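Since the structure is predicted, the reported quantities are computational estimates derived from the model, not experimental observations.
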Amino acid sequence: MELLYGPIRDYAWGSRSAIAELQGRPVPSAGPEAELWLGAHPGAPAMVDRGGNRVSLLDLLVAEPGHWLGERVVGRFGTRLPFLLKVLAADAPLSLQAHPDAEQARAGHAADAARTDGRRNYVDPFHKPELLVALSPMEALCGFRDPAVSAEALAGFGVPALAPVVDALRTGPAGLREGVRLLLTWPAAERAGLVAAVVAAPVAGPDAELARALAAAYPGDPGVLVALLLHHVRLAPGEAIWMPAGNLHAYLRGTGVEIMAASDNVLRGGLTPKHVDVDELLRVLRFEVLDDPVVTARPVAPGVVCWPVPIEDFALHRVTVGAATPSVRLPLPGPRVVLCRGGKVSVDDGAGAVILGPGQAAIGTAAAAEPLVFAGEGEAYVATCGAF
């Protein structure tokens, strides 16, 4: 194993305490710290030590793909690490967004190359499913709820202008597309008034509280109303949400470990000053009710749990060692990225051991084929490719 040094992304919605506290740095941080990236994404690759200097993991993968990734991964994904592990820390709502499936991403990326207007929805030809495990109590919007429930929520605000949206939703799942389309194409000159009318309605309850909170952050944004069509999820630490292709979602607040396919393809659906391509978003979204977006941990072995998802690009395990389980042997194929959540954890891949403290990470190559052996007292997350 080798120590891995991840960059921190300073997006405006980030926390000034969560990642700094995790890594044992002074709080508050100098600026917002939204995400700690642990991978080889071209936008911000992590670094490893080489001869006293830090070099990009991305450059090492390009130079020695067989050593780092192994023939199995190269044969399936090419010379790139197919997953990106993150710590995500949100103090403010992120944009509503969805991601394409693999076929949509390939076709969209090719079509964007021929565009002459300069706009790009697809910056790479890859899909971007995501799994997030809460480290703290966390709030998110994830997947469409029963449109009948959403219709009654919107009707309850008593805003006559919303009648066409309510009527569409009352037709059932088939009306979700039209409801979303109406809200996102609302005349720009009337959006602020519509959102203000909803926020000002003398209504109590979770939907009203959510609308007011989102409108305070994004006044006049129709995404405030689109959000009311989604599940408002509150995660306890250890619970997760799975976001496959076409799932409209947004993180609202809290800290979690996120693993995703390594892509930048994002189609926004509101709660953002950035461009929203409504037609493309409607084409990619899956207008179906998500019964339960929460994924619970599944025990794998003493001290080990995982969150199973149907994807080849990644898998995520959590390992806990201590008095009850002094050591754990985890036979996962490389490459393997390990993040220490708390305590002190030793991890050995057969090629060498490292000791990780909170917020520290390491990577093991595919060439080190031995099972990972964990010891010490603490908690770690392990990112690998999925089964294929």
Side-chain angles (χ1 to χ4, degrees), residues 93-99 121 139-233 243 245-252 266-293:
L94 283 67
S95 63
L96 284 170
Q97 56 188 260
H99 311 297
N121 288 316
E139 288 186 61
L141 302 169
C142 185
F144 290 110
R145 62 181 179 176
D146 185 338
V149 175
S150 298
E152 295 314 304
L154 292 183
F157 289 105
V159 177
L162 284 174
V165 180
V166 172
D167 290 344
L169 294 174
R170 282 176 173 160
T171 66
L176 278 170
R177 171 186 284 272
E178 179 63 5
V180 172
R181 187 195 69 79
L182 286 169
L183 290 172
L184 291 182
T185 59
W186 208 270
E190 301 174 14
R191 291 177 179 178
L194 178 68
V195 174
V198 169
V199 170
V203 177
D207 288 318
E209 293 175 5
L210 176 62
R212 290 173 186 135
L214 294 178
Y218 298 98
D221 192 313
V224 170
L225 304 181
V226 175
L228 301 181
L229 311 186
L230 306 177
H231 289 284
H232 184 188
V233 179
M243 289 147 289
N247 175 299
L248 191 61
H249 63 276
Y251 303 126
L252 302 181
V266 176
L267 292 160
R268 292 177 176 83
L271 306 182
T272 178
K274 296 180 179 179
H275 174 67
V276 175
D277 188 329
V278 176
D279 290 340
E280 189 64 14
L281 178 69
L282 293 176
R283 192 181 72 83
V284 164
L285 283 180
R286 292 181 179 175
F287 292 99
E288 54 194 35
V289 175
L290 183 63
D291 291 332
D292 186 2

Review point. Taking side chain as C-beta onward, heavy atoms only, is L214 less than 4.5 Å from V195?
Key: no
Review point. If we only count heavy atoms from C-beta on, is the L290 to F144 side-chain gap below 4.5 Å?
Key: no
Exercise for review: Drop me the distance from E280's CD to H275's NE2, to the nearest 0.5 angstrom.
Suggested key: 9.5 Å
Practice item. Keeping the roles fixed (side chain from R170, backbone from A151), state whether a donor-acceptor pair exists under 3.5 Å. Key: no
Point to revise | R177 side chain vs L282 backbone, donor-acceptor pair below 3.5 Å | key: yes
Exercise for review: Examine distances only and state if a side-chain atom of T272 and a backbone atom of K274 form a donor-acceptor pair shorter than 3.5 Å.
Suggested key: yes
Exercise for review: Check whether any side-chain N or O of R286 sits under 3.5 Å from a backbone N or O of G143 as a donor-acceptor pair, and report yes or no.
Suggested key: no
Exercise for review: Looking only at non-hydrogen atoms, find the nearest pair between P160 and P164 and report the distance.
Suggested key: O-CD, 4.5 Å
Point to revise | Interatomic distance, L271 atom CG to L141 atom CG [nearest 0.5 angstrom] | key: 7.5 Å
Practice item. Flag the pair L229 / L248 as yes when at least one side-chain heavy-atom distance between them is below 4.5 Å, and no otherwise. Key: no
**Study point:** Shortest non-hydrogen contact from P293 toward V233
**Key:** CG-CG2, 3.5 Å
Exercise for review: Decide, yes or no, whether a salt bridge links E209 with R212 under the criterion of side-chain N to carboxylate O below 4.0 Å.
Suggested key: no
**Study point:** Approximate separation, where rounding is to 0.5 Å, of L267 CG and L281 CG
**Key:** 6.0 Å
Review point. For C142 and L230, what are the C-alpha separation, side-chain angles and deciding distance, and is it a side chain to side chain contact (heavy atoms under 4.5 Å, CB included)?
Key: CA-CA 6 Å; C142 185; L230 306 177; over 6 Å; no
Review point. Rounded to the nearest 0.5 Å, how far apart are CG of L162 and CZ of F157?
Key: 8.5 Å
Review point. Looking at OG1 of T171 and CG of L176, how far apart are the two atoms once the value is rounded to the nearest 0.5 Å?
Key: 8.0 Å
Revision key, fill the gap. On a heavy-atom basis, the closest approach of G246 and A98 is C-CB, 4.4 Å
Review point. Does the side chain of M243 reach to within under 4.5 Å of the side chain of Y251, using non-hydrogen atoms?
Key: yes
Review point. Taking all atoms of both residues into account, what is the closest heavy-atom pair of G175 and L169, and its distance?
Key: O-CD2, 4.2 Å
Practice item. Please tell me if the side chains of V203 and V198 come closer than 4.5 Å, counting only heavy atoms from C-beta onward. Key: no
Check your understanding: Which atoms form the tightest heavy-atom contact between P173 and P147, and what is the distance?
Key -> N-CG, 3.6 Å
Check your understanding: Strictly under 6.0 Å, is that where the ring centroids of H249 and H231 end up?
Key -> no
Review point. What are the two closest heavy atoms between D221 and G270, and how far apart are they?
Key: OD1-CA, 3.7 Å
Study note, to complete from the structure: dist L225:CG -> S150:OG (nearest 0.5 Å) comes out at 11.5 Å
**Study point:** Backbone of L184 reached by a side-chain donor or acceptor of R191 within 3.5 Å
**Key:** yes
Review point. When you measure from the side chain of D207 to the backbone N and O of L154, does any donor-acceptor pair fall under 3.5 Å?
Key: no
Check your understanding: Do L96 and Y218 come close enough that some side-chain heavy atom pair is under 4.5 Å?
Key -> no
